[in-house]
2 protein chains.
Amino acid sequence: MSKVMTIREMCDAFDVTPRTLRFYEAKELLFPIREGQRRLFTKRDRARLKLILQGKRFGFSLEDIRQLLDLYDMGDQQFTQLNRTYELAQERLADMISQRDELTGAIEDLRQQLKWGEERLAELKRHAAE
Amino acid sequence: MSKVMTIREMCDAFDVTPRTLRFYEAKELLFPIREGQRRLFTKRDRARLKLILQGKRFGFSLEDIRQLLDLYDMGDQQFTQLNRTYELAQERLADMISQRDELTGAIEDLRQQLKWGEERLAELKRHAAE
DNA sequence: CGTTCCGTTTACGTCAACGTCAACTTTCCT
DNA sequence: AGGAAAGTTGACGTTGACGTAAACGGAACG
């Protein structure tokens, strides 16, 4: 069924802008077929884009993603390749967790401040009522 | 005891670079005394810097922070002022929480992937052993 | 007196991931 | 044929929070 997709179809399917897809192509993350000037995105491009978006969600940089994607393309050295990916992913996971911890701390601190602010606001109101 | 501090003392005390302090001055977040060319940071500057760093931790932009700081300086309209700060803080808190939720989701997803990766790695090892 | 250190100013550079705009060409629809 | 719609390229802009470099001034030390 699905053979190739136009840029617009891709945009709709993945909720990205055309600019983004061209940008990814320029960065060598995608390799759509060029029929004349038009781009045609294959199943492979779709698979890659899916991985790209996932990678972004995990906080990988596009450069990191490109390298990982390239590893998959080379296809051989399966062990080395998967291992590398695994390592990177672990690093990312650690980063994300520490980020979340920091965020959690900041959230708690900000909550404290808000509580303090509420008290002060209450004071001011009482004051104004007199 | 502590009256004014030099730029270096400030850097050491707050763990920032001179460039940062000058940058904050340029952005009108700090107003050190100028003795000739030298900057001398007062107690007020220290209080402001403390708030700045806290604000950054909460994800406020420097511009937001500047405005809030200015409100405090004007000093009157205490209610309006505190209220504004309170509102902004609430927005930030909401943002931070949703960010954390997204992060938590991504962490879980990445954990899944890692688990999957481990299985595949185990397979490859078994394969290599034969 | 020389050197070294701390300080200053101005201005430009950096990084990521695109957005925006202009000026074209190509394709589709009527 | 004519005009909109969709596509293209290339160049430059954006955002935030500084970093870096150049070129200079004054003072403290030995």
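Just the heavy atoms: all of them, side chains too, but no hydrogens, waters or symmetry mates, feed the values below. In what follows, chains carry the letters A, B, and so on, assigned in the order in which the sequence lines appear, proteins first and then strands, with residues in each chain numbered from 1.
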Novice: Could you tell me which non-hydrogen atom of Ala89(B) sits nearest to which non-hydrogen atom of Leu114(A), and how far apart they are?
Specialist: CB-CD2, 3.6 Å
Novice: Under a 4.0 Å heavy-atom cut-off, which of residues 88-97 of chain A touch DNA chain C?
Specialist: none
Novice: As an exercise, state the distance from CG of Leu68(B) to CG of Leu51(B), rounded to the nearest 0.5 Å.
Specialist: 9.5 Å
Novice: Establish, with yes or no, whether the OP1 or OP2 oxygen of dG7(C) is under 4.0 angstrom from a side-chain nitrogen or oxygen of Arg34(B).
Specialist: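 So the side-chain polar atoms of Arg34(B) never come under 4.0 Å of the phosphate oxygens OP1 or OP2 of dG7(C).
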Novice: Would you give me the side-chain donor-acceptor pairs under 3.5 Å for residues 32-41 of chain B, sequence neighbours excluded?
Specialist:
| from | atom 1 | to | atom 2 | distance (Å) |
| --- | --- | --- | --- | --- |
| Arg34(B) | NH1 | Glu25(B) | OE2 | 3.0 |
| Arg34(B) | NH2 | Gln37(B) | O | 3.2 |
| Arg39(B) | NE | Glu25(B) | OE1 | 2.4 |
| Arg39(B) | NH2 | Glu25(B) | OE1 | 3.1 |

Novice: Can you measure Leu21(B) atom CG to dC6(C) atom C1' for me and round it to whole angstrom units?
Specialist: 14 Å
Novice: In B/S/- notation, 5' to 3', how is nucleotides 18-27 of chain C contacted by protein heavy atoms closer than 4.0 Å?
Specialist: BBB-----BS
Novice: With the side chain counted from C-beta on, respond yes when Tyr72(B) and Arg48(B) share a heavy-atom pair under 4.5 Å apart, and no when they do not.
Specialist: no
Novice: Only counting residues at least two apart or in another chain, list the ones meeting side-chain hydrogen bond (donor to acceptor under 3.5 Å, both in side chains) with Arg66(B).
Specialist: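 Scan of Arg66(B) (side-chain hydrogen bond (donor to acceptor under 3.5 Å, both in side chains), adjacent residues dropped) gives Glu63(B), Asp70(B).
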Novice: For the atom pair CD (Gln54(B)) and CZ (Phe58(B)), what is the distance rounded to the nearest 0.5 Å?
Specialist: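 With rounding to 0.5 Å, CD (Gln54(B)) is 5.0 Å from CZ (Phe58(B)).
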Novice: Identify, with sequence neighbours excluded, every residue that meets side-chain hydrogen bond (donor to acceptor under 3.5 Å, both in side chains) alongside Arg19(B).
Specialist: none
Novice: Give me the first and last nucleotide of DNA chain D, going 5' to 3', that has any atom under 4.0 Å from a heavy atom of chain B.
Specialist: dA17(D) to dT20(D)
Novice: Describe, as an angle rounded to 10 degrees, how the axis at the first end of the helix from dC1(C)-dG30(D) to dT30(C)-dA1(D) is tilted relative to the axis at the last end, five pairs per end.
Specialist: 10°
Novice: Taking side-chain hydrogen bond (donor to acceptor under 3.5 Å, both in side chains) as the definition, give me every residue that meets it alongside Asp101(B), ordered by chain and number, with sequence neighbours left out.
Specialist: none
Novice: Tell me which residues in residues 7-15 of chain B lie within less than 4.0 Å of DNA chain D, going by non-hydrogen atoms.
Specialist: none
Novice: How many Å lie between CD on Glu63(A) and P on dA17(C), as a whole number?
Specialist: 10 Å
Novice: Do Leu21(B) and Cys11(B) touch side chain to side chain, with heavy atoms closer than 4.5 Å?
Specialist: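 Of all side-chain heavy-atom pairs linking Cys11(B) with Leu21(B), at least one is under 4.5 Å.
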Novice: I want to check something: taking the side chain as every heavy atom from C-beta on, are Leu62(B) and Phe23(B) in contact at a cut-off of under 4.5 Å?
Specialist: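 When only atoms from C-beta onward are counted, Phe23(B) and Leu62(B) do touch, with a gap below 4.5 Å.
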Novice: What residues, two or more places apart in sequence or in another chain, satisfy salt bridge (charged side-chain N to carboxylate O under 4.0 Å, His left out) together with Glu119(B)?
Specialist: none
Novice: Which pair of heavy atoms, one from Leu82(B) and one from Gly117(A), lies closest together, and at what distance?
Specialist: CD2-O, 4.1 Å
Novice: I'd like to check the side-chain hydrogen bond (donor to acceptor under 3.5 Å, both in side chains) partners of Glu118(B); sequence neighbours left out, ordered by chain and number.
Specialist: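 Glu118(B): side-chain hydrogen bond (donor to acceptor under 3.5 Å, both in side chains) contacts with Tyr86(A).
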Novice: Between Gln67(B) and Leu71(B), is there a side-chain heavy-atom distance shorter than 4.5 Å?
Specialist: no
Novice: Please output the side-chain donor-acceptor pairs of residues 120-129 of chain B that fall under 3.5 Å, not counting sequence neighbours, one pair per line with the distance.
Specialist:
| from | atom 1 | to | atom 2 | distance (Å) |
| --- | --- | --- | --- | --- |
| Arg120(B) | NH2 | Glu123(B) | OE1 | 3.4 |

